[in-house]
Amino acid sequence: MSVNHGPPRFTAFSLRQLDELVRRAGLSAQERLAVRAVAEVLPFRVNNYVVDELIDWNRAPDDPIYRLVVPQPDMLPPDDVDELARLIDAGAHPNEIKHVVTKIRASLNPHPGGQLELNVPSDDVDEIPGVQHKYPETVLLFPRQGQTCHAFCTYCFRWPQFVGDVGIKFATGEVSRLVGHIRRNPHVTSVLITGGDPMIMSSAVLARYIEPLLGVEQLESIRIGTKALAYWPHRWVSDPDADTTLRLFESVAAAGKHLAIMGHFSHPRELEPKTVATAVRRIQATGAVIRTQAPLIRTINDDPLVWSRMWRTQHTMGMVPYYMFVERDTGPQAYFEVPLARAYEIFSDAYRCVSGICRTVRGPSMSTTVGKLAIDGVVEINGQRVFVLHLIQARDPALVNRPFFARYDEHAAWVTHLAPVHGLPWLLG
Ligand SMILES: *Cc1c(COP(=O)(O)O)cnc(C)c1O
Ligand code: SF4
């Protein structure tokens, strides 16, 4: 028997292979047509590592990792899915399908939180595309070559970018404008490189973004937001530029700055493969610290045991749990949302059973137009049930860490569902 011992090669699955995956999961012909319809609206991408190493095919379609990457037949409103499925089934003209797809996408709140209008800084020339500056200390950078991921999460809040809508794009040629912007804003101490997934870029391209930042004295940290530890850990182990990437990471510490890898893990299963442990150790050997974050998603990780197991395993591996997010108000939010009251219970139940050293995590946190809003509890005041909340991060720094209150509502799943309580501090005026 001949076995290929070469390094694992990244292979992305096509839309045609999606049908094979849902067949393998045992879906009916009608459900498979619905999946095809959903995949016309929302982005789909998965690779050989996720399919072969992460998904438990004995448990599909209920398996959480399967649900993390494979579109679900009931993810979008049934009327929309039916309309599209009928067109596809009847072999309608692509333009007719596109028309309906565009209509459905527009109904999914593609630009939540005022991201497009409110956060783009300007210099003396014009707006700097691909840069967002919302909180005084931290600038967000969306490199042009990093606007895709090794696989797409079904719940992705950046989905419009992946279906060709408005690229927020930053080109390497503009790094000097970013550096200029940082120097004009002495409060900026941290740059967060995000996407998509910046680790989709080669080390040579990544270096063109990182190296110019190393000489900026006021910068204390550079962060890289990535899902690659979960979706393609080979990136740091056996990919052709794995070692040059690690040398680049070392250069950040050598320049006297902290490199933080913000690892997105949705489920403890993603931590199990040996390659992940190897990647984590190799990253840590460069002096970088891996912090972890993920949203709380119905049917994927809406269980306190899943979170406590995840935090404990991460902690054991030397990673630092950082954020639990609430699913944002875009795309298939209605399908994946967990009510705030339940999110608070899941967070607390998980937080309670980890050791103090592991309670570095914050949340459940909503990324809203005003800032990162955490639910701190549910209490009764003057016979009325209320939510206690605070802003972890705010566009207006004066609002950071002040408690405020909202009327309790067991179904509320986003800040827009909250209302003030008479006589108690409220967020907006
Ligand atoms: C989360 C976030 C940051 C980083 O916030 P920290 O609290 O420093 O982790 C920066 N900018 C934006 C727009 C964010 O959403
Ligand atoms: S890793 Fe992040 S940006 Fe990429 S698909 Fe998942 S949620 Fe979206």
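Just follow the structure's listing: the first ligand is 1, and inside any ligand the first atom is 1.
For ligand 2, the atoms lying closer than 4.0 Å to a non-hydrogen atom of Phe152 are 5 (S). Interface atoms of ligand 1 facing Gln393, defined by a heavy-atom separation under 4.0 Å, are 5 (O), 6 (P), 7 (O), 8 (O). Close approach to Cys153 involves these atoms of ligand 2, each under 4.0 Å from a residue heavy atom: 1 (S), 5 (S), 6 (Fe), 7 (S). The contact set between ligand 2 and Lys227, taken as ligand atoms under 4.0 Å from a residue heavy atom, comprises 1 (S). Ligand 1 places these atoms under 4.0 Å from at least one heavy atom of Lys134: 13 (C).
Comment: Asp19 does not engage Arg36 in a salt bridge, judged by the lack of any side-chain N to carboxylate O separation of less than 4.0 angstrom. Taking a cutoff of 4.0 Å between a charged side-chain nitrogen and a carboxylate oxygen, Lys227 and Glu270 qualify as a salt bridge. Electrostatic pairing of Arg23 and Glu20 does not count as a salt bridge here, judged by no charged N lying under 4.0 Å from a carboxylate O. Salt bridge Asp302/Arg342: absent, no basic N to carboxylate O contact under 4.0 Å.
At the shortest separation from atom 14 (C) of ligand 1 among protein heavy atoms lies Lys372 NZ, 2.9 Å. In this structure, the protein non-hydrogen atom closest to atom 8 (Fe) of ligand 2 is Cys156 SG, 2.3 Å. For atom 7 (O) of ligand 1, the closest non-hydrogen atom on the protein side is Tyr323 OH, 3.0 Å. Atom 11 (N) of ligand 1 has its closest protein heavy atom at Leu140 CD1, 3.3 Å. In terms of protein heavy-atom proximity, atom 2 (Fe) of ligand 2 is closest to His264 ND1, 3.9 Å. Protein heavy atom nearest atom 12 (C) of ligand 1, with residue, atom name and distance: Tyr135 CE1, 3.5 Å.
For ligand 1, the polar-atom distance check against Tyr322 finds a nitrogen or oxygen pair separated by under 3.5 Å.
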message: If you apply the rule salt bridge (charged side-chain N to carboxylate O under 4.0 Å, His left out), what do you find for Arg59 with Asp62, and how did you get there?
response: CA-CA 6 Å; Arg59 292 179 59 197; Asp62 297 328; over 6 Å; no
field: Candidate pair Leu340 and His417, rule side-chain contact (heavy atoms from CB on, under 4.5 Å), full reasoning
entry: CA-CA 10 Å; Leu340 299 177; His417 308 154; over 6 Å; no
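No donor-acceptor pair closer than 3.5 Å links the side chain of Arg291 to the backbone N or O of Tyr322. Between the Asp80 side chain and the Ile104 main chain, no donor and acceptor come within less than 3.5 Å of each other.
Under a 4.0 angstrom heavy-atom cut-off, Ile392 registers as lying outside contact with ligand 1. Residue contacts with ligand 1 include Arg223, since one or more of its heavy atoms lies under 4.0 Å from the ligand.
Taking the centre and axis of the six-membered ring of Tyr135, the NZ or CZ atom of Arg395 falls outside the cone set by 45° and 6.0 Å.
Only the side chain of Cys149 comes within 4.0 Å of ligand 2, judged by heavy-atom distances. No part of Glu137 comes within 4.0 Å of ligand 1, judged by heavy-atom distances.
If you look at Tyr66 and Trp57, their ring centroids are closer than 6.0 Å.
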